[in-house]
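What you are looking at is a predicted structure, and each value in this text was computed from that prediction instead of being measured. In what follows, chains are A, B, ... by sequence order, proteins preceding strands, each numbered from 1. Keep in mind that the numbers below use all heavy atoms, side chains included, and drop hydrogens, waters and symmetry copies.
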2 protein chains.
Amino acid sequence: MHETLFKYIEDKSGMTLDSNEKILIAEKFKAKKFRKRQYLLQEGDVCKYAGFVVRGAARMFSVNDKGQEHIVRFGVEGWWLGDPESYTQGTPTQFHIELLEDSDLLLITWDQFQELNATIPAVAATLKSMDKQSFIASQKRIHAAISLSAEERYEELMKSYPSFILRFPQNMVASYLGISPETLSRIKKNAHNN
Amino acid sequence: MHETLFKYIEDKSGMTLDSNEKILIAEKFKAKKFRKRQYLLQEGDVCKYAGFVVRGAARMFSVNDKGQEHIVRFGVEGWWLGDPESYTQGTPTQFHIELLEDSDLLLITWDQFQELNATIPAVAATLKSMDKQSFIASQKRIHAAISLSAEERYEELMKSYPSFILRFPQNMVASYLGISPETLSRIKKNAHNN
DNA sequence: AAATATGCTTGATTTTTGTCAACGCGCGGC
DNA sequence: GCCGCGCGTTGACAAAAATCAAGCATATTT
C-alpha cells in the first residue's frame with residue numbers, strides 16, 4: 001500500500017527513492033482503513049495527522065451557527081487530507097474531515113513529516129511542489145469565487161474536475177461551489193438551453 | 001533598500017544571513033522604482049519577475065469579456081507581487097499587476113531565485129514558509145467566499161486587513177470582496193444599525 | 001482657476017440566488 | 001419485501017446583490 005506513495009513522491013519530486021529511503025518512509029506513514037462516514041478530524045480538535053489518500057474520498061467542511069455546511073475541499077486518490085493551519089501550528093481546527101467512501105489512508109504526524117523532510121531530499125522536493133501547486137489551485141478558486149456567477153463556477157468545475165461531479169452527491173458539489181442544492185439543480189436543467 | 005529584504009528573510013526563516021549571503025542576494029534582486037499606475041505585469045505576458053514590495057502598494061486583477069475588473073489580491077510593504085503560475089511555468093498570465101502608489105520593488109527572475117534557493121538555506125526556508133502561509137491564507141479566503149454573505153465578508157476583511165480599507169479606494173475593496181461598489185457603499189451605511 | 005475625471009452615494013429596478021415546502025424516486029437496512 | 005430516509009427536483013416566494021442612472025464632492029490636470 002505504500003507503493004502508491006512512493007510513486008507519488010518520485011513523480012512529484014522527479015527523483016528516485018532508494019530502498020533505504022522507502023523503508024524510512026514506510027516506517028513513519030501508518031496505513032489505516034476508514035469506513036464511509038468516519039471522521040479523520042473534527043472541529044475543535046488539533047489536526048494531528050496529514051493523510052495521503054491511497055483509495056477513497058473525503059470532504060473537508062465547516063459548520064456555521066445555523067448548522068449549514070460548507071465544503072472547503074474534496075480529497076481523492078493521490079491527494080492529501082488535513083488542515084494545514086492546525087497541523088503546522090497546533091491550533092484547534094474549525095473544520096471537519098469526513099470520509100465519503102471506504103478508504104485507505106497513510107497517516108503521518110507533523111514531527112515525523114519534518115524528519116522525513118530533513119533526511120530525504122525527494123520528500124523535501126515533494127512538499128515544496130505540493131505547497132506551490134496548492135497555492136496556485138487556491139488562487140484559481142478564489143478568482144472563480146469572486147468573479148464568476150453560480151453557473152459559470154459550475155462550468156468551470158466541469159472543466160477542471162469533472163470526476164467530482166460524477167463521484168459526489170449533487171448537494172455536496174453545490175456546497176463546494178458555494179451555492180444551494182436547489183440552485184445547482186436548476187443550473188443543470190437549464191444548461192442545454194444556452 | 002535591500003535591507004528590508006534581508007530583515008524579511010531573517011525573520012521568516014529564523015536564520016541569520018552572513019555578509020557574503022547578503023551580497024549574493026543583493027546582486028540578484030534589482031531595485032526598481034515604479035510610479036502610480038505603472039504596470040508590473042499585463043495579461044498575455046509571461047510573468048518574468050517576482051517583486052518584493054519595499055514601499056508602495058499594488059493590485060493583481062483580471063479583466064473579463066465585459067470589461068469588468070476583479071482584484072485577486074493586493075500587495076503592500078513586505079508582500080510579493082507576481083503570478084506564481086505564470087512565473088514558475090512560463091505560461092502567459094491572465095492577470096494584470098498595477099501599482100497603486102509610487103513604489104520601490106526588488107525584482108528577481110525565476111532562474112535567479114532558484115539559484116538563491118539552492119545556495120542560501122535562509123532563502124530556501126523563507127520560500128517554504130511563504131508558500132505554506134500563502135496556502136493557509138488562500139484557504140481562509142475561499143472559505144469566506146463560499147460561506148459568507150457580502151456583509152460578513154466585509155466584516156471579515158475589517159478584522160483581517162483593516163489597513164486595506166483605509167489605504168485603497170472603496171471600489172477596489174469591493175472588487176476584492178467580489179461585490180459591486182454600490183453594495184459595499186450600502187453595507188457601510190447600514191453597518192451601525194445592527 | 002477652470003475643466004475634467006474619479007470616487008462615493010442614493011434611488012429605482014432587474015437579476016440572481018436562497019429559502020421553504022411538497023413530492024417522487026431509489027437504495028439500504030431490517 | 002417493506003419502510004424510511006437521503007437525494008434530487010420543482011414551484012412559489014423572499015432576500016440579496018447587480019445594474020442603471022443621476023447627482024455631488026473631491027482630486028487631478030491643464
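Between B:D102 and B:K36 there is no salt bridge, since none of the side-chain N atoms of the basic residue sits less than 4.0 Å from a carboxylate O of the acidic one.
Following chains of ILVMFWY side-chain contacts shorter than 4.5 Å, one can reach B:M172 starting from B:L184, so the two form part of one hydrophobic cluster. Connection of A:L24 to A:L107 is not established within any shared hydrophobic cluster, with ILVMFWY side chains joined at heavy-atom distances below 4.5 Å, either directly or through further cluster members.
Note that the two end axes of the helix from C:dA1-D:dT30 to C:dC30-D:dG1 enclose an angle of 50°, each drawn from 5 base pairs, rounded to 10 degrees.
Taking the centre and axis of the six-membered ring of A:Y176, the NZ or CZ atom of A:R141 falls inside the cone set by 45° and 6.0 Å.
Atom CG in A:N190 sits roughly 12 Å away from atom P in C:dT17 (whole-Å rounding). One interatomic measurement links the two molecules: CD of A:E69 to C1' of C:dG18, which rounds to 17 Å at whole-angstrom precision. Put simply, CG on A:L177 is 15 Å from C1' on C:dT16, counting in whole angstrom units.
The 12-atom threshold is exceeded at NZ of A:K22, counting heavy atoms of other residues, nucleotides or ligands nearer than 6.0 Å. Around atom NZ of B:K28, more than 12 heavy atoms belonging to other residues, nucleotides or ligands sit under 6.0 Å away. Within 6.0 Å of OH in B:Y49 there are 12 or fewer heavy atoms belonging to other residues, nucleotides or ligands.
OP1 or OP2 of D:dT10 has at least one side-chain nitrogen or oxygen of A:K189 nearer than 4.0 Å.
Residue A:L106 comes nearest to A:M1 through the heavy atom pair CD2-CE, 3.9 Å, listed as atom of the first residue, atom of the second, then distance.
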> Which parts of nucleotides 16-30 of chain D does protein reach within less than 4.0 Å, heavy atoms only, written one letter per nucleotide 5' to 3' as B for base, S for sugar-phosphate only and - for none?
Replying inline: -SSBBB---------
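Listed for the A:S185 side chain is no donor-acceptor partner under 3.5 Å among the backbone atoms of A:P181.
Taking a 4.0 Å limit (strictly below) on heavy-atom distances, residues 168-175 of chain A reaches DNA chain D at A:P169, A:Q170, A:N171.
Ring planes of B:H143 and A:F95: perpendicular class, angle over 60° (limits at 30 and 60°).
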